[in-house]
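Heavy atoms only: backbone and side chains are in, while hydrogens, waters and symmetry mates are out. A note on names: the letters A, B, ... follow the listed sequences, proteins ahead of strands, and every chain is numbered from 1.
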Amino acid sequence: MMVKNDLIERYIYAVTKDLSRQTREDVSKELHSLIIDMLEERCGELKPTEHDIHVVLTELGQPKELAEKYNHDEDKYLIGPTYYGQYKMTLKIVLPCVILGMVVSSLIGYINEPDIQWYSLVAELVGSTVGGTFFAFSIVTLLFAIFQYKKIDIDVYPNSLDDLPAVPKEKERISKKEVIFGIGFSVLFMTLFLMAPQIFSVVLTQEGRVIPIFNIEFIRSTWYIVIIFGILGIVREIFRLIHLRYNIQVMVVTIITNVISAFFAIFWLRNDHVINPVMITELSNLFVGEAFIVNLLSNIQNVFLCLILFALVLDIIITVLNTNFSGNMK
Amino acid sequence: MDHNEIVTGLMLELRRGTLVMLVLSQLEQPMYGYNLVKNLNENHIAIEANTLYPLMRRLESQGLLVSEWETSANKPRKYYVLTPDGKIVLEKIKTHWYESINHINLILEGEYDGEK
């Protein structure tokens with residue numbers, strides 16, 4: 001007996017539509033044969049009516065419930081129960097930091113645009129803050145989605161009692177304040193350089209001229225490097241936030257993010273474009289005769305580069321020194 | 001106090017715990033899902049097809065059952081049967097079950113060892 005029925009087809013489709021392709025076909029066939037069996041049980045040799053089909057499908061249950069029974073694995077989650085708590089906690093810290101950072105940097109950015117109308121200031125402030133918040137939300141979500149997809153073990157609470165990490169010593173602890181400061185710094189850096197690099201300026205007081213320190217056009221054209229710096233900084237801080245202690249995972253992430261940042265810093269600062277050449281000549285003219293300062297000015301990109309590399313290396317050293325190696329990865 | 005409601009809930013939990021064992025025990029010979037539902041129901045084990053069908057798929061993905069479509073008859077049907085692993089698991093869980101039942105019965109009858 002082969003029953004073709006619209007309601008049965010709709011029911012089976014509703015149950016199986018979210019299953020993977022290989023299982024979908026098999027489950028459809030199996031459900032179809034089950035429904036036929038149930039109809040036969042109910043009607044015997046008689047041809048089932050629409051009412052019989054209704055009764056049998058009702059007995060089989062709501063399509064939604066049946067679909068859930070077939071689709072119980074964890075792979076259906078973008079961010080599953082294992083990571084959800086950490087994800088929410090991270091958002092709760094990151095988003096306020098970003099909002100605050102965006103507001104502060106927007107306001108700083110408008111200091112040297114005193115002519116701006118208040119309504120366009122408000123509009124840009126709201127626009128950039130909303131945009132930045134969504135950006136941060138996406139970064140955090142993407143990071144946790146990768147944890148979920150790759151089943152990366154970030155669980156702070158291990159399965160076995162023996163694996164419980166020691167109570168962190170004072171120096172191993174990372175306070176939430178440090179993390180908030182770190183994220184805030186990354187956001188400020190990113191937004192100021194993306195939106196208002198001209199605010200970093202030298203003011204020549206006697207002439208009242210304002211000379212930007214950076215080559216605005218070059219900075220604008222390498223916006224992606226600024227974003228990479230920012231994202232690397234935020235990712236590093238999120239790992240610190242998850243563990244709130246210096247452990248091996250935090251150390252590895254710090255080393256990786258800082259080494260990548262260092263490469264981009266070298267790429268960015270080794271080509272003599274970042275600093276505004278006008279600023280160097282103008283300042284050199286002011287300090288004629290002071291060989292040390294003139295020398296410093298002509299090498300200012302390398303000085304910046306050295307400072308950045310020093311900060312990155314220092315961060316790695318501090319992290320390694322504070323890391324507890326006797327504990328496990330947890 | 002609604003005793004029946006509480007008892008029904010407890011029964012449900014007890015049955016849920018024994019379901020896999022019962023299903024495995026019936027599949028030494030190949031059988032299709034609806035046949036198994038009817039068999040169990042006739043033997044006073046209330047189980048619905050919408051529970052059993054997803055359960056059998058899960059047991060198959062765990063390697064305890066293996067399935068095959070029987071298409072030669074006038075209706076295609078999917079038959080499930082125990083794998084060698086499934087047989088081992090069934091024997092082990094049965095041993096545990098009998099032991100537990102003994103202990104539980106003794107406790108329920110008040111005949112357990114120990115300090116009174």
Problem set entry | Heavy-atom neighbours of A:Phe264 CZ exceed 12 at 6.0 Å | no
For this session: Identify the heavy atoms of B:Tyr80 and A:Glu30 that sit nearest to each other, and give their distance.
Result: OH-OE2, 2.9 Å
Exercise. If every non-hydrogen atom of A:Leu60 is compared with every non-hydrogen atom of B:Asn50, which pair is closest and at what distance?
Worked result: O-ND2, 2.7 Å
For this session: Can you establish whether the number of heavy atoms outside B:Met21 located under 6.0 Å from its atom CE is more than 12?
Result: yes
Exercise. To the nearest 0.5 Å, how far apart are CG in A:Leu34 and OH in B:Tyr53?
Worked result: 4.0 Å
Problem set entry | Min side-chain heavy-atom separation B:Lys78-A:Asp26 under 4.5 Å | yes
Exercise. Heavy-atom count around A:Glu25 CD within 6.0 Å, excluding the residue itself: above 12?
Worked result: no
For this session: Specify the closest pair of heavy atoms between A:Glu59 and B:Glu48, including all atoms of both residues, with the distance to one decimal.
Result: O-OE1, 3.8 Å
For this session: Measure the OG-OH distance between A:Ser33 and B:Tyr32 for me, rounded to the nearest 0.5 Å.
Result: 8.5 Å
For this session: Side chain from CB out, backbone as N, CA, C, O: work out which of these in B:Thr51 comes under 4.5 Å of a heavy atom of chain A, or both, or neither.
Result: both
For this session: Pick one of side chain, backbone, both or neither for A:Val15, based on which atoms fall under 4.5 Å of a heavy atom in chain B.
Result: neither
Exercise. Looking at CG of A:Asp37 and CZ of B:Arg77, how far apart are the two atoms once the value is rounded to the nearest 0.5 Å?
Worked result: 4.0 Å
Problem set entry | Pair A:Thr23-B:Arg57, side chain to side chain contact (heavy atoms under 4.5 Å, CB included): steps then yes or no | CA-CA 10 Å; A:Thr23 47; B:Arg57 288 194 84 83; 3.8 Å; yes
For this session: For atom CD of B:Glu5, decide whether the heavy atoms of other residues, nucleotides or ligands shown that lie under 6.0 angstrom number more than 12.
Result: no
Exercise. With a cut-off of 6.0 Å (strictly less than), are more than 12 heavy atoms of other residues, nucleotides or ligands near CH2 of B:Trp69?
Worked result: yes
Problem set entry | Spacing of B:Thr71 atom OG1 and A:Lys29 atom NZ [to the nearest 0.5 Å] | 7.5 Å
